[in-house]
Amino acid sequence: MGPLKQVNQSRGGALPVHFTAMRGRAFIATLFLSCLVAVSGGAQVTKAPAASPTRTVPAPTATVPTQNQPTSLAEPGSNLTIYLLMFGWGDVSWERFGHNAIWIKDRTHNTDITYNWGMFDFNQPRFVWRFVTGDTRYWMEPIPYDSMIDAYKRENRSILAQELNLTPAQRLSLQQFVQWNSLPENKFYRYDYYRDNCSTRLRDAIDHALGGQLQTATTTRMTSTTYRWHTQRLMSGDLPLYTGVTVALGHPADKPISIWQEMFLPVRMANDIRSVQIADSLGAQIPLVRSEMALFTAGRPPEPADTPFYFPLFIGVGIVVAAAMIVLVRSAENGSRFAMFAATALATLWSLIAGVAGLALVFAWLFTKHYFMGRNTNLMHLDPLSIAMVVLIPLSIYGSRGVSRAIKVGGFIALLSLFAFVVQGIPLFNQKSAEIIGLALPINLAVWWTVFRLTAYRRTSLPSSAAL
């Protein structure tokens, strides 16, 4: 799950693998904040998933070369061994979700090929805009097994291989599908971070070969997790990105997901399929995973098992900023010009941050394909109307104009934020936004109080703007 990277191989040439070589968390943070302006997943998110192999799969017979068919008298497909490869999480943000691929060992043609989905290139035309709007153009690509394994070992990423217990006919069907899917006319698709990523494409390909048995075995088995929970869990330790996903994800990200849906994460898919039973050619129930082996164990801790507890930090910042405004207003009322300037600047700065974030969320909800950023109750705390306060706050305090409007708009923003806090338990408003409430509610109330007190002080205590 992530961008494309060019990795020089010891055998010569460049190997395109799943992650980008672009360095620096600042750029990733910028891209993610652009998700706030439109996102996706992109971020996540949201789009109607492209047609998956579970739904519609064109017949591959015309596109699979005849020399790839077994030439012996053995049952077609008996020369193939199919593995699910799982690559553990990495260091940087886009590597935290892991990756997976289908590895097909063909003994007739002596080939070992891995098939990867979720490939993309930052040099694609209009890549950033497509990423922002969710109109992404990702693709699937076959990569030689040795090159793939070497690349992930260098990244210090754990590698697990699980042999799938498929019949020869199912193995052949899967090989034919991935070969068809890798053709230039079939390889591209619109990526969704949760519903159509590298792992869900792989899942759907296996499910197609199994005639729908994987989906049947997992779609009704619910977990206690959500898309938001998994995303926050994997962003543990990176506060800017954790804040970004917490702000950006809306109500749809808080619905409980099934094991089938949880397979959007490669590590979870590797764990989940261990318990899946399928029917063999005689109808007997057998495990989907025949065997597994650790090809490489990374020298890093396993991915986080739970979400970090950042709520005290968020509410602490909210209370400190609100308290700072109150102290500055009190000092301004005692005649401090610096305090009046500082209180005005602090209230204006927060209004700018909240207003820009709110406009980004509105744009993401209404004008992009990022489904999981829709119906976002964070809009009641990061109100787009706050942009108006960027002008109204200094104008009303220092220019004595628009005072009534500034008080009314600031009061509406504070009241809406308070209302959103009160109705948290109601189904339409039960989005998991405790951190954002803890941060924004005290500041929104303090901004209104600052405008109310300083404009009143300005009217009653200062005869003219010259006194300021």
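- Using a 30° and 60° split on the angle between ring planes, Phe122 and Phe120 fall in the perpendicular class, above 60°.
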> Does the side chain to side chain contact (heavy atoms under 4.5 Å, CB included) test come out yes or no for Ile413 and Val447, once each step is laid out?
Replying inline: CA-CA 9 Å; Ile413 292 170; Val447 167; over 6 Å; no

>> Set out, in order, the CA-CA distance, both residues' side-chain angles and the distance that settles side chain to side chain contact (heavy atoms under 4.5 Å, CB included) for Ile206 and Met269, then state yes or no.
In response: CA-CA 12 Å; Ile206 295 173; Met269 181 174 181; 4.2 Å; yes

In a table with atom names and distances, give each donor-acceptor pair under 3.5 Å that connects a side chain of residues 305-317 to protein atoms at least two apart or in another chain.
residue, atom, partner, partner atom, Å
Asp306, OD1, Trp229, NE1, 3.3
Tyr310, OH, Gly237, N, 3.0

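- With sequence neighbours left out, the salt bridge (charged side-chain N to carboxylate O under 4.0 Å, His left out) criterion links Arg300 to Asp91.
- We find that Asp196 and Arg190 are not joined by a salt bridge, their nearest charged nitrogen and carboxylate oxygen being 4.0 Å or further apart.
- The main-chain N or O of Thr167 is found under 3.5 Å from a side-chain atom of Gln170 such that the two form a donor-acceptor pair.
- For the pair Arg157 and Trp89, the cation-pi criterion (under 6.0 Å, within 45° of the ring axis) is not fulfilled.
- In this structure, CZ on Arg96 lies 8.0 Å from CG on Leu234, to the nearest 0.5 angstrom.
- Note: Arg375 CZ to Asp254 CG = 10.0 Å, rounded to the nearest 0.5 Å.
- In the model, Asn181 has a side-chain atom that pairs as donor or acceptor with a side-chain atom of Trp117 under 3.5 Å.
- Not one N or O on the side chain of Thr219 forms a donor-acceptor pair closer than 3.5 Å with the backbone of Thr216.
- Here the shortest heavy-atom pairing between Tyr83 and Ala161 reads CD2-CB, 4.2 Å.
- Here the closest non-hydrogen pair linking Lys153 and Leu295 is CE-O, 4.1 Å.
- Between Met222 and Ser258, some side-chain heavy-atom pair lies under the 4.5 Å cut-off.
- Applying the 6.0 Å contact sphere to CZ of Arg233 captures more than 12 heavy atoms from other residues, nucleotides or ligands.
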Without placing hydrogens or testing angles, list every side-chain donor-acceptor pair under 3.5 Å for residues 414-426, not counting sequence neighbours.
residue, atom, partner, partner atom, Å
Ser417, OG, His381, ND1, 2.9
Ser417, OG, Asn444, ND2, 3.4
Gln424, NE2, Phe429, O, 3.1

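- In this structure, His99 NE2 and Glu155 CD are separated by 12.0 Å, a value rounded to the nearest 0.5 Å.
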For residues 276-287, which side-chain donor-acceptor pairs fall under 3.5 Å, sequence neighbours excluded?
residue, atom, partner, partner atom, Å
Asp280, OD1, Leu282, N, 2.9
Asp280, OD1, Gly283, N, 2.9
Asp280, OD1, Ala284, N, 2.8

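- Glu262 and Trp260 are not linked by any side-chain donor-acceptor pair at a separation below 3.5 angstrom, with hydrogens and angles left out of the test.
- The list of side chain to side chain donor-acceptor pair (under 3.5 Å) pairs with a residue in residues 427-436, not counting sequence neighbours, reads Tyr242-Glu435, His251-Asn430, Asn376-Gln431, Thr377-Gln431, Asn378-Ser433, Gln431-Ser433.
- Screening Phe264, Trp365, Tyr227 against Phe372 for a ring pair (Phe, Tyr, Trp, His ring centres under 6.0 Å) leaves a single residue, Tyr227.
- No donor-acceptor pair closer than 3.5 Å links the side chain of Thr136 to the backbone N or O of Tyr138.
- Proximity of Trp350 to Val321: side-chain heavy atoms (C-beta onward) are nowhere separated by under 4.5 Å.
- The minimum heavy-atom distance linking Phe87 with Tyr152 is given by the pair CD2-CG, 3.4 Å.
- Looking only at atom types and distance, the side chain of Thr246 has a donor-acceptor partner in the side chain of Gln232 under 3.5 Å away.
- Aromatic ring orientation, Trp103 versus Tyr145: parallel (interplanar angle below 30°, classes split at 30° and 60°).
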>> Checking Arg274 against Asn271 for the side chain to side chain donor-acceptor pair (under 3.5 Å) test, could you report, in this order, the C-alpha distance in whole Å, the side-chain angles of both residues, the deciding distance, and whether it holds?
In response: CA-CA 6 Å; Arg274 288 172 174 145; Asn271 291 333; 2.7 Å; yes

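- For the pair Leu288 and Leu210, the minimum side-chain heavy-atom distance is below 4.5 Å.
- Listed here is the closest heavy atom pair of Thr348 and Val390: CG2-O, 3.7 Å.
- Side-chain contact between Ile82 and Leu174: present, with at least one pair of heavy atoms (C-beta onward) separated by less than 4.5 Å.
- Between the side chains of Asn100 and Ser199, a donor-acceptor pair is found at a separation under 3.5 Å.
- We find the CD1-OG1 distance between Ile104 and Thr111 to be 8.5 Å, quoted to the nearest 0.5 Å.
- Using modelled atom types, one finds no donor on one side chain facing an acceptor on the other under 3.5 Å when comparing Ser78 with Arg171.
- Here the shortest heavy-atom pairing between Arg137 and Trp139 reads O-CE3, 4.2 Å.
- No side-chain donor-acceptor contact under 3.5 Å links Thr133 and Arg126.
- Side-chain atoms of Asn197 and Asp192 form no donor-acceptor pair, as typed in the model, at a separation below 3.5 Å.
- Rounding to the nearest 0.5 Å gives a distance of 9.5 Å between CG of Leu166 and OG of Ser173.
- The main-chain N or O of Gly88 is never found under 3.5 Å from a side-chain atom of Ser158 such that the two would form a donor-acceptor pair.
- Between the side chain of Asp383 and the backbone N or O of Gly358, no donor-acceptor pair lies under 3.5 Å.
- Asp135 is not listed as a side-chain neighbour of Trp129, based on a closest heavy-atom distance of 4.5 Å or more.
- Not counting sequence neighbours, the partners of Asp112 by the salt bridge (charged side-chain N to carboxylate O under 4.0 Å, His left out) test are Lys105.
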> Would Leu85 and Ile102 count as a side chain to side chain contact (heavy atoms under 4.5 Å, CB included) if you check the C-alpha gap in whole Å, the side-chain angles of each, and the deciding distance to 0.1 Å?
Replying inline: CA-CA 6 Å; Leu85 287 177; Ile102 290 175; over 6 Å; no

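- The side-chain heavy atoms of Arg201 and Tyr191, taken from C-beta on, include no pair separated by under 4.5 Å.
- You'll find the side chain of Met148 stays beyond 4.5 Å of the side chain of Pro142, heavy atoms only.
- Annotation: side chain of Ser182 is not in contact with side chain of Lys187 (no heavy-atom distance under 4.5 Å).
- Atom OG of Ser386 sits about 11.0 Å away from atom CD1 of Ile443, to the nearest 0.5 Å.
- The shortest non-hydrogen separation linking Asp207 to Leu214 is OD1-N, 3.0 Å.
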> Given Thr114 and Asn116, is the side chain to side chain donor-acceptor pair (under 3.5 Å) satisfied, shown in steps?
Replying inline: CA-CA 6 Å; Thr114 67; Asn116 300 258; 3.3 Å; yes

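- The main-chain N or O of Glu163 is never found under 3.5 Å from a side-chain atom of Glu292 such that the two would form a donor-acceptor pair.
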